[in-house]
Peer 1: 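A single structure is presented below for examination.
Please read these numbers as outputs of a predicted model, since none were measured by experiment.
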Amino acid sequence: MGTIQIIPNTKMIESLRYLTYKNHTALADLVDNSLDAEADRIDIKINKKDDYTEIIDNGYGMSETILAEAIKLGSDTDKGGSDLGRFGMGLVTASISMARRIEVSSLQRHGEIHKVVLDLDEIANSGNWEVTSDTPSMYEQTILETNQQGTIVRLSKLDKVEKNIAGSTKSHFGEVFRKFIDAGRQIYVDGEKIAPSDPLESNLDSTNILYDDEVEIDNKTFHLKIAHVGIDASKISEGARNYNIPNQGFYIVRNNRQIAAGIDLDGILKKHNDYNRFRAEIECSSDLDDILKINFTKDEINVTQGMRDKVYSIVKPYMDLIRSTDKKQKQVDDAQQISHSDAEEIIKRRKSLLPTSNGVIEKRSKRTPGSSIHDKKKDDESSTKERKNFRKIQVGARSFPAVIKEVDLGPNGDLFEDALNNGQLEIHWNIQHPFHTGMMAKYSSDKDVTTPLDLLIYSLVWSKHMLEDDQQELFYNAMNIMSNTLRTLMKQ
């Protein structure tokens, strides 16, 4: 019986460039390798002008044999259970998501410097899956010999670099690697030392830690922390988007490295303004990979039903407590309420005339247990391609009668918030926002002013509810920026 070689066509490597990486998540995967090598200082240099990005660490480096293995797809570099890597794909896949050329130079203590180069253009021209060894430059020799050990990953031919790569990398790293930074590891991006950023705001006196304990599942354990976060006015004044729908939810930390942020954890949390200050952190080792069902780019979580049920049973009472507490804090007395009856009546009479999503959509099958919003996103992206044999349905008009009222979202809160409850759209004006103070409250008796403003806000919210779920985050971000801009412009 003979054998058949199944070496893939070299075109496959081009396909691997279109995984789910963003630039900052790709760089984070490369930093994972440095942390696995026990580096206590990592420098990322982003130089789009000169067409290169470098990751320099002082970790224990790689021998020639290990370096040759690391540059493979699906490498076997003896990663243990405490390591951040899992599939041996991160170095190559993360790098080629940004660049067409990878150069890796490495030095083990008391060893020699070894260097390999992977160039996509050379692979395409030769038709062979090959990397080449090379002589390290004087610059590389100087850095590595000064550190006495370490690795330099240099990415060039940068053809897929995002506009704000430096800014997004700095903010991403502060949160993702906060546990390592707190433990003394130093990470620099373009010379700026990254400070840790805790999404649970545990250091604020106003944050209430409701639960902080070990949880057992399938003879394994994870740590669960539930926080009712306080509000740091300085972060809001800087334009940080902390206390809104995109940031509420669950944060997953695997081997001290955050791999998911603000997720609903398979629908445990129903994203709603009432949960803007709910945060839960699940901290675990790689022993729970089969329970979390993590993918190799470490950006998708699809927990088992048992894990979902366990977490839900613990967090549900605290979610209810946070929701009821925050709703009470936002309520204002009748004397501060403005009559919005004219706008509510107009909406009631004319809502059937409003535009709806009238296009045809694919009738998708029900989501199975363990599926997630990421699966939905993939379906949405692939649905843009031509498909055959799918049933077309018409999207009917949605009837959203409105109730408009005042609430107290604080002086740094958004201009308004909305909630869809039992088919009724609630719009809440923030009585402490300067636009409400300077317009709605000031002209509360003049319906020629207040009614058009009510209809304007309702129109914005109606537009949001016509969007797909994964597009609504953009709406909330835009409304947050608008609220902060108005606050700045109208501040007395």
Peer 1: Between Ser95 and Leu91, which heavy-atom pair has the shortest distance, and what is it?
Peer 2: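 For Ser95 and Leu91, the tightest heavy-atom pair comes out as OG-O, 2.6 Å.
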Peer 1: Nearest 0.5 Å please: distance from the CZ atom of Arg254 over to the CG atom of Leu292.
Peer 2: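 Separation between the atoms: 8.5 Å.
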Peer 1: Test Phe250 against every option in Phe278, Tyr312, Phe222 by the ring-ring contact (aromatic ring centres under 6.0 Å, His included) rule and name the one that passes.
Peer 2: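 Looking at Phe278, Tyr312, Phe222, the match for Phe250 under the ring-ring contact (aromatic ring centres under 6.0 Å, His included) is Phe278.
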Peer 1: Would you say Val407 and Gln331 make side-chain contact, with heavy atoms under 4.5 Å?
Peer 2: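 Heavy-atom side-chain distance check fails, nothing below 4.5 Å.
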Peer 1: If we count only N and O atoms by modelled type, under 3.5 Å, do the side chains of Asp40 and Asn58 hold a donor and an acceptor together?
Peer 2: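 Short answer, yes.
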Peer 1: Is there a side-chain contact (heavy atoms from CB on, under 4.5 Å) between Val461 and Leu425? Walk through the geometry before answering.
Peer 2: CA-CA 9 Å; Val461 174; Leu425 191 57; 3.5 Å; yes
Peer 1: Return the minimal non-hydrogen interatomic distance between Gly413 and His433, and the atom names on each side.
Peer 2: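 Scanning both residues, the minimum pair turns out to be O-CD2, 3.7 Å.
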Peer 1: Of all the heavy-atom pairs spanning Ile165 and Met98, show the shortest one and how long it is.
Peer 2: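 It is CD1-CE, 3.8 Å.
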Peer 1: Determine, stepwise, if the pair Asp43 / Lys45 fulfils salt bridge (Lys or Arg N to Asp or Glu O under 4.0 Å).
Peer 2: CA-CA 6 Å; Asp43 287 85; Lys45 299 180 180 180; over 6 Å; no
Peer 1: In sequence, state the C-alpha distance, the side-chain angles, and the governing distance for Met440 and Asp454, and then conclude on side-chain contact (heavy atoms from CB on, under 4.5 Å).
Peer 2: CA-CA 9 Å; Met440 292 297 293; Asp454 283 336; 3.5 Å; yes
Peer 1: Side chains of Tyr21 and Asp29: do they bring a donor and an acceptor to under 3.5 Å?
Peer 2: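 The answer is yes; a qualifying pair exists.
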Peer 1: Please answer whether the main-chain N or O of Asp57 pairs with a side-chain N or O of Arg41 as donor and acceptor at a distance below 3.5 Å.
Peer 2: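 Here the side-chain-to-backbone pair does not exist.
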Peer 1: Before you tell me yes or no, could you show the steps for Phe177 and Ile187 under side-chain contact (heavy atoms from CB on, under 4.5 Å), namely the whole-Å CA-CA distance, both residues' side-chain angles and the distance that decides it to 0.1 Å?
Peer 2: CA-CA 9 Å; Phe177 297 115; Ile187 302 176; 3.9 Å; yes
Peer 1: Do any N or O atoms from the side chain of Ser97 and from the backbone of Ala94 form a donor-acceptor pair under 3.5 angstrom?
Peer 2: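 Checked: pair present.
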Peer 1: Distance-only, no hydrogens or angles: does the Gln186 side chain make a donor-acceptor pair with backbone N or O of Ile42 under 3.5 Å?
Peer 2: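 Checked: no pair found.
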Peer 1: Has Asp334 got a side-chain atom pairing as donor or acceptor with Gln337's backbone, closer than 3.5 angstrom?
Peer 2: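 Looks like no, no N/O pair under 3.5 Å.
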Peer 1: For Asp414, does its backbone N or O pair with a side-chain atom of Asn480 as donor and acceptor, under 3.5 Å?
Peer 2: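 No, the answer is negative, given that no donor and acceptor are paired below the 3.5 Å cut-off.
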Peer 1: Output, in order, the C-alpha distance, side-chain angles, deciding distance and verdict of salt bridge (Lys or Arg N to Asp or Glu O under 4.0 Å) for Glu192 and Lys170.
Peer 2: CA-CA 8 Å; Glu192 179 181 332; Lys170 291 173 184 178; 3.0 Å; yes
Peer 1: Run the salt-bridge test on Asp326 and Lys328 with the 4.0 Å N-O cut-off and return the result as yes or no.
Peer 2: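 Salt bridge between Asp326 and Lys328, a charged N being under 4.0 Å from a carboxylate O: no.
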Peer 1: Would you mind reporting whether Asn430 and Leu415 have side-chain heavy atoms less than 4.5 Å apart?
Peer 2: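 No - every pair of side-chain heavy atoms lies 4.5 Å or more apart.
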Peer 1: Do NZ/NE/NH1/NH2 and the carboxylate oxygens of Lys464 and Asp418 come within less than 4.0 Å?
Peer 2: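 Looking at Asp418 together with Lys464, the answer is yes, because their closest N to O distance falls below 4.0 Å.
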Peer 1: Within a strict 4.5 Å, meaning less than it, do heavy atoms of the Glu281 and Leu224 side chains meet?
Peer 2: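 In short, these two side chains do not touch, never coming nearer than 4.5 Å.
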Peer 1: Check whether any side-chain N or O of Lys271 sits under 3.5 Å from a backbone N or O of Ile245 as a donor-acceptor pair, and report yes or no.
Peer 2: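 Indeed, once roles are kept as given, a pair shorter than 3.5 Å links the two residues.
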Peer 1: Could you tell me whether the side chain of Arg279 and the main chain of Ile226 form a donor-acceptor pair under 3.5 Å?
Peer 2: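 Absent.
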Peer 1: Work out which heavy atom in Thr207 is nearest to a heavy atom in Glu201; give both atom names and the distance.
Peer 2: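 That would be OG1-O, 2.8 Å.
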Peer 1: Can you check whether Leu158's main-chain N or O pairs, donor with acceptor, with Asp51's side chain at less than 3.5 Å?
Peer 2: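 Yes; judged by distance alone, with no hydrogens or angles, the pair exists.
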Peer 1: Given side chains that start at C-beta, do those of Arg277 and Gln248 come closer than 4.5 Å, heavy atoms only?
Peer 2: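 Side-chain contact under 4.5 Å: no.
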Peer 1: Is the count of non-hydrogen atoms from other residues, nucleotides or ligands lying under 6.0 Å from Lys48 atom NZ greater than 12?
Peer 2: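 Above 12, so yes.
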Peer 1: Is Lys220 paired with Asp290 through a side-chain N to carboxylate O contact shorter than 4.0 Å?
Peer 2: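 Counted as a salt bridge, because a side-chain N and a carboxylate O are separated by less than 4.0 Å.
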Peer 1: Can you say whether the rings of His436 and Trp429 are parallel (under 30°), tilted (30 to 60°) or perpendicular (over 60°)?
Peer 2: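 Rings of His436 and Trp429: tilted, as their planes differ by 30° to 60°.
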Peer 1: Distance from Asn302 atom CG to Ile263 atom CD1, nearest 0.5 Å?
Peer 2: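 If I round to the nearest 0.5 Å, the distance is 9.0 Å.
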Peer 1: With distance as the sole criterion, is a donor-acceptor pair present between the side chains of Gln432 and Asp408 under 3.5 Å?
Peer 2: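 Result is yes, a qualifying pair exists.
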Peer 1: Just checking, is any N or O donor in the side chain of Asn273 or His428 under 3.5 Å from an acceptor N or O on the other one?
Peer 2: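 There is no such pair between these side chains.
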Peer 1: Taking all non-hydrogen atoms of both residues, which atom of Ile322 and which atom of Ala227 are closest, and how far apart?
Peer 2: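 It is CD1-O, 3.9 Å.
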Peer 1: Would you say the side-chain atoms of Asp36 and Asn33 include a donor-acceptor pair closer than 3.5 Å?
Peer 2: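 Judged by distance alone, the side chains do not pair up.
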Peer 1: Return yes if some donor-acceptor pair links the side-chain N/O of Ser286 with the main-chain N/O of Asp289 below 3.5 Å, else return no.
Peer 2: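 Side chain of Ser286 to backbone of Asp289: no pair is present.
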Peer 1: Name the residue from Lys225, Arg178, Lys179 that meets the salt bridge (charged side-chain N to carboxylate O under 4.0 Å, His left out) definition with Glu283.
Peer 2: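 Going through Lys225, Arg178, Lys179 one by one, the salt bridge (charged side-chain N to carboxylate O under 4.0 Å, His left out) with Glu283 is satisfied by Lys179 alone.
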Peer 1: Find out whether Ile457 and Leu453 are in side-chain contact, i.e. whether some heavy atom of one side chain is under 4.5 Å from a heavy atom of the other.
Peer 2: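 The answer is no, as the side chains (C-beta and beyond) never meet within the 4.5 Å cut-off.
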Peer 1: Run the numbers on Ile291 and Val303 for side-chain contact (heavy atoms from CB on, under 4.5 Å), then give the verdict.
Peer 2: CA-CA 6 Å; Ile291 295 174; Val303 299; 5.6 Å; no
Peer 1: With a 4.5 Å cut-off on side-chain heavy atoms, are Glu417 and Lys330 touching?
Peer 2: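 The answer is yes, as the side chains (C-beta and beyond) meet within the 4.5 Å cut-off.
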Peer 1: Is there a donor-acceptor contact under 3.5 Å linking the side chains of Tyr443 and Thr450?
Peer 2: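 No - no donor-acceptor pair under 3.5 Å links their side chains.
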Peer 1: When you check the gap from the basic side-chain N to the acidic O, do Lys348 and Glu344 get nearer than 4.0 Å?
Peer 2: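 The answer is no: the pair does not qualify as a salt bridge.
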Peer 1: Does the side chain of Ser202 come under 3.5 Å of the side chain of Asp198 through a donor N or O and an acceptor N or O?
Peer 2: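 Looking only at side-chain atoms, Asp198 and Ser202 do form a donor-acceptor pair, the distance falling under 3.5 Å.
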Peer 1: Any side-chain heavy-atom pair from Leu321 and Met319 closer than 4.5 angstrom?
Peer 2: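 In short, these two side chains do not touch, never coming nearer than 4.5 Å.
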Peer 1: Kindly indicate whether the side chain of Asn247, heavy atoms from C-beta on, has any atom under 4.5 Å from the side chain of Pro199.
Peer 2: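 Sidechains of Pro199 and Asn247: no contact.
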Peer 1: Rounded to the nearest 0.5 Å, what's the gap from CD on Gln258 to CG on Asn255? Could you check?
Peer 2: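 Answer for the CD-CG pair, Gln258 versus Asn255, is 14.0 Å.
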Peer 1: If you compare all heavy atoms of Ile252 against all heavy atoms of Ile301, which two are closest, and at what distance to 0.1 Å?
Peer 2: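 Minimum heavy-atom contact is CG1-CG1, 4.5 Å.
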Peer 1: Enter the distance from Leu27:CG to Asp32:CG here, rounded to the nearest 0.5 Å.
Peer 2: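 Separation between the atoms: 11.0 Å.
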Peer 1: For Asn208 and Leu210, indicate whether the former's side chain and the latter's backbone hold a donor-acceptor pair under 3.5 Å.
Peer 2: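 Judged by distance alone, no pair lies under 3.5 Å.
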Peer 1: Which value, rounded to the nearest 0.5 Å, describes the distance between Thr169 atom OG1 and Ile194 atom CD1?
Peer 2: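 One finds 8.5 Å between OG1 of Thr169 and CD1 of Ile194.
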Peer 1: Between CZ of Phe416 and OG of Ser483, what distance do you get to the nearest 0.5 Å?
Peer 2: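 Here the interatomic distance stands at 6.5 Å.
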Peer 1: Will you find, in the side chains of Glu406 and His340, an N or O donor that is under 3.5 Å from an N or O acceptor?
Peer 2: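 Side-chain D/A pair, Glu406 to His340: present.
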Peer 1: Tell me whether the NZ or CZ atom of Arg257 lies within the 45° cone about the ring axis of Phe180 and under 6.0 Å from its centre.
Peer 2: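 Because its charged atom misses either the 6.0 Å distance or the 45° angle limit, Arg257 does not stack over Phe180.
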